Amino acid sequence: MFSIITESGFWNPIIWVLSFIVIFLIMYILRSFGNNKFKKQGEKTKVFLSGNPEYASDDMHIKSSNLYWGFTKVLDWVYTVLKRMHNGDVRDYILWFVIIMGTLLLLGVML
Amino acid sequence: MNIIEYLEPAALIILGSLAVSIIGIVFGLLFKGIDRKLSAHMQGRIGPPIIQPFRDVRKLFVKENIIPHTAIPWIFNLAPIMGLVATITILLYIPLGGFQPIASMGPFGDLILVLYLLIIPSLAMVIGGFASGSPYTIVGAQREMATMIAYEFPLAIVIIAIAYRLYLLGDPQLGSVFSLATIAENPVWSISGPFGYIGFGILLLVLVVVTPAELSKIPFDSPEAETEIAGGLLAEYSGRNLAMFYLTDGVKTFVMASLIVALFFPYNLSILLGLQGIPAITVDIIFFLVKVFLVVLFSVTLVRVAVARLKIDQIVSTYWIYLTLIGLIGLIFVIWDQYLSAMLFA
Amino acid sequence: MSELLTALAMYAPPLMIALPLLSAFFVHFVNMAGTKIRNAFVMLMLLLTGFFAYVLHWDVLTNGTHRYQFGGAGNNPQMILPVVRIFFEIDAFSVFMSTITISLVIVVALYSWKFMEKNTGVSKYYTLLFLITTGMLGMQLTGDIFNFFVFLEITSIAAAALVAFWVGKAEAVEAGFKYIMVSAVGALFVLFAIALLYGQYNALNMAVLAQSMQFGFIDKIALIILLAALAMKAGLVPMHMWLPDSYGSAPAPVSILVVTATLASFYGVIRVLFTIYGDALLSVKTTTVFLLPLLSVILSMVAVLVVLYGVIKKKQSLITSGLIGILLFSVLFIATFILSDPTGMSMIVQSTGNALIGGILIGLSLLTILVGVMMALIQTNLKRLIAFTALAEVGYMFLAIGTSLTAYGTTLSHTALTGGLFHIFNDAIDVGLLFLVTGAIYFMTKEHSLDKLGGLAHHTKAITILFFIGLYAISGMPPLNGFASKIIIYESTYQINPILSIVAIVGSIMILAVFVKVFYAVFMGPKLSSLPKITKVPKSMILAMGILAGLIICFGLFPQIVIDHLVTPAVLALTGGI
């Protein structure tokens, strides 16, 4: 029933979705035993900042270019090369095409 | 198209889902309790009783469920439960001792699916963290995502290497090589030669190192780093939403340990002891739980009491460069196993 | 009913070209009657073209390959192949692609209705939209290689003009210029290769070429040139740099049209490789006596040592070169065993032409996936970011095609090709949805920079959910359609070399990371005071996005039905049922 079967594996979305729904219902019922209210007075709804004052919303927003810092730092050397490749010069674009085609032509002799 | 023939699998799936929900939560919390107790003893403390995690969950259910004013409420509330549900569904695809929920019923899901489903709880945590809208949670969430892309590389190597070794056997009777049932029937140690032992030994080591990061445990817990970013992506969660994440953590530990057992130690005692029927199932389940316990002990408890937390860029370089290399060397050994072992030892 | 459809299908091919081509001309005159009437006219004409495309699809699937002859007396499907007349030769793969194309164009037109409303010269936009549709459909339906070149040029010129549609922006004009430069060079090389083939066989018909293919020196040169030029137009790394530029500066609906144009070039690659050269590549065997396996083992060990030395000395360049070395040599190692006899004991390697071409495609496709995701991770412009991920997705298709070609004639080839072709459809709708959502974000905030956006989920739930569906699908997470095609690709490519699947999996998870970042940057966080005016997204745009999201969910939940009814016939049309 609706399974993808490759030679090496299989995947049936319907079964997964069905079990997901069943388990979701169970967990939803379990969750509804919990307390869902809170008193809105005081500073409860303010975000936790270790006691530092909360800034205006624009200043609290972390800019997306700061994300994944660790990853980009470790692969800095890759990015240096990649950025140098993407220099926006259309002559280089054509050059890359010529290089690839030339290499392929050399390999093509081996065909 | 007969409706009856669809009803039976449907009923089985509903029952199976119910069963794995209970198994996952109970054993997840139990292993969490054991882990806490053991790590306390290792650090010279007495530690909480083993049932402490159950009490924690009950406590969290009573607590207030606070939604910060910067949050996007519907995503903030939806993320924890989605993560928990997705984690529990993985148990349906992993053989649990002699008990195989729907893995035995038909071709429904394989190792690649498990690999992808393991991402969903982390993704739910990341999105929940982002949806909280606090600087601490956002920093934690993006670290979690960076950790995730880092450890998936070695994890993918391990998983593909096992399937590839089975594929290299070239046995048409084998069935699907990505199927966990096939892997459980043909343990990696019994299909490989000397090179294979070295290769799979290396890959097992890699998988054991990947586990703490998959579970956000020390030394790879910089997304949650209590001392620096106050619990990171969970900083704004409280009450029943936090309970959902707490349960997710427990279930995921159980899932990850079961996966390692299924991939590397799928042996059962019942055949060895010549048991049949109910005693066989009991022995298998107990033996399975012992194996899971040992995996948790070595890959979670021991590691987390022994070492300190790494910085996020150290995590990324550990996984993307060092572990990936080690994994690739393991993979090369596994590939050699088929060809060179045959040549050298035939 | 079915007679009527068959009769309609008989004249569908010329009408699918003629309708958009004539509408391109007439849209100006209709424009004089008012914008509403013009929009209705555009929709009507595209729906009509779409209707014919679907009828033709149905006809090809039920009655087999459809042949339409232009010129000459009468329309005789039994006619032996002549040399001079232009034929449209429409097999299951052609209609598969034309269905994708026309469906996306219809969605784009629906979306453009409100999106382009405030722009000047919208009737010219629709002219170009009709022209690019003509070009793409022509490329996909034609059975004549010179005709293919003509339609390729129509597509390129229309696409370049569309990319530069916002002439007020310097970036857009620059991107249009780059696009036309790159396309012109590529297309001229295609023409050169066609001339070589014409000189050899005195024929331009693809079927005739395939039958008479000798696979001599000139033919090989022609193959390489066609491959390189069309791969550049499909965006294979490192000939991809024009692609983010042009996707990034065009209006969102245009980006999707350029994506479909890219897929049409990709169609060209597959046509050339499988239809024209397929049998020739398979039949020619060159036997190379090598100690290749042993050599590659030694070399990969050396590479490992280089990496370890680099790690100790903390020299990144050594690590890089060592890693690349390990990758290459292990590919070589496995390749030797794939190519040699099944026992894997022989040191004599028989290499076939398809394995070499397949290997090249696989190598470049891995590079495409990695470069695409790595570059996407650091982009700050939303549209450039999606362009780089679209590039990575093209890498997955090339990976599947390369695998299929390497193992040509086996069941592995069939499986990999199924995954690849299914991924074309999935990629088109996933990337399409994401570009449309990007357009909606731009419509709301007039902003493309990720650093300036934020907190949109507070304003709109519908767009957030639609974006999340796109994110989830394109990163290949279960249970949506991206996973359905990617799992087929993973579970076939690993048989060539485990590294291929590993890189593919890592690539897809990095796509997830990329889009989670976008999800955060655009929708999460507090309400920003720097974005005071949020325009409401009109219903027609939501509907256009909803159609694609619905398709994504349907394809995700019932992949096997799509594969059986749409993809497998296309695969069989290409491999000839091997």
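Keep in mind it's a predicted model, so treat the numbers as computed, not measured. Computation of the quantities below employed the complete heavy-atom set of this structure, encompassing side-chain atoms and omitting hydrogens, waters and symmetry-equivalent molecules. Labels below follow one simple rule: chain letters A, B, ... track the order of the sequence lines, proteins then strands, and each chain is numbered from 1.
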Applying side-chain contact (heavy atoms from CB on, under 4.5 Å), run through C:Phe558 and A:Ile14 and close with a yes or a no.
CA-CA 8 Å; C:Phe558 305 103; A:Ile14 299 293; 3.5 Å; yes

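Counting heavy-atom pairs closer than 4.5 Å to chain A, the top residue among C:Leu236, C:Ile360, C:Ile563, C:Thr380 is C:Ile360. When C:Ala229, C:Ser492, C:Ala231, C:Pro244 are compared by the number of non-hydrogen pairs under 4.5 Å with chain A, C:Ala229 comes out ahead. Among C:Leu480, C:Ile488, C:Val522, the residue making the largest number of heavy-atom pairs under 4.5 Å with chain A is C:Ile488. Considering only heavy-atom pairs separated by less than 4.5 Å from chain A, the leading option among C:Met232, C:Met241, C:Met524, C:Met239 is C:Met241.
Considering only residues two or more places apart in sequence or on other chains, A:Phe20 meets the ring-ring contact (aromatic ring centres under 6.0 Å, His included) condition with A:Trp16. The ring-ring contact (aromatic ring centres under 6.0 Å, His included) check on C:Tyr520 picks up A:His61, B:Phe130, with sequence neighbours excluded.
A:Tyr68 contributes a side-chain N or O that, together with a main-chain N or O of C:Ala513, makes up a donor-acceptor pair within less than 3.5 Å.
Listed in order of number, the residues of residues 24-33 of chain A that approach chain C to under 4.5 Å between heavy atoms amount to none.
Nearest heavy atom pair, residue C:Ile487 against residue A:Phe10, reads CD1-O, 4.3 Å. In terms of heavy atoms, A:Leu104 sits closest to C:Ala228 at CD1-CB, 4.3 Å.
A:Val78 touches chain C through its side chain: at least one heavy atom from C-beta onward sits under 4.5 Å away, while N, CA, C and O do not.
Screening residues 225-234 of chain C for side-chain hydrogen bond (donor to acceptor under 3.5 Å, both in side chains) gives C:Ser156-C:Lys233 as the qualifying pairs, with residues at least two apart or on separate chains.
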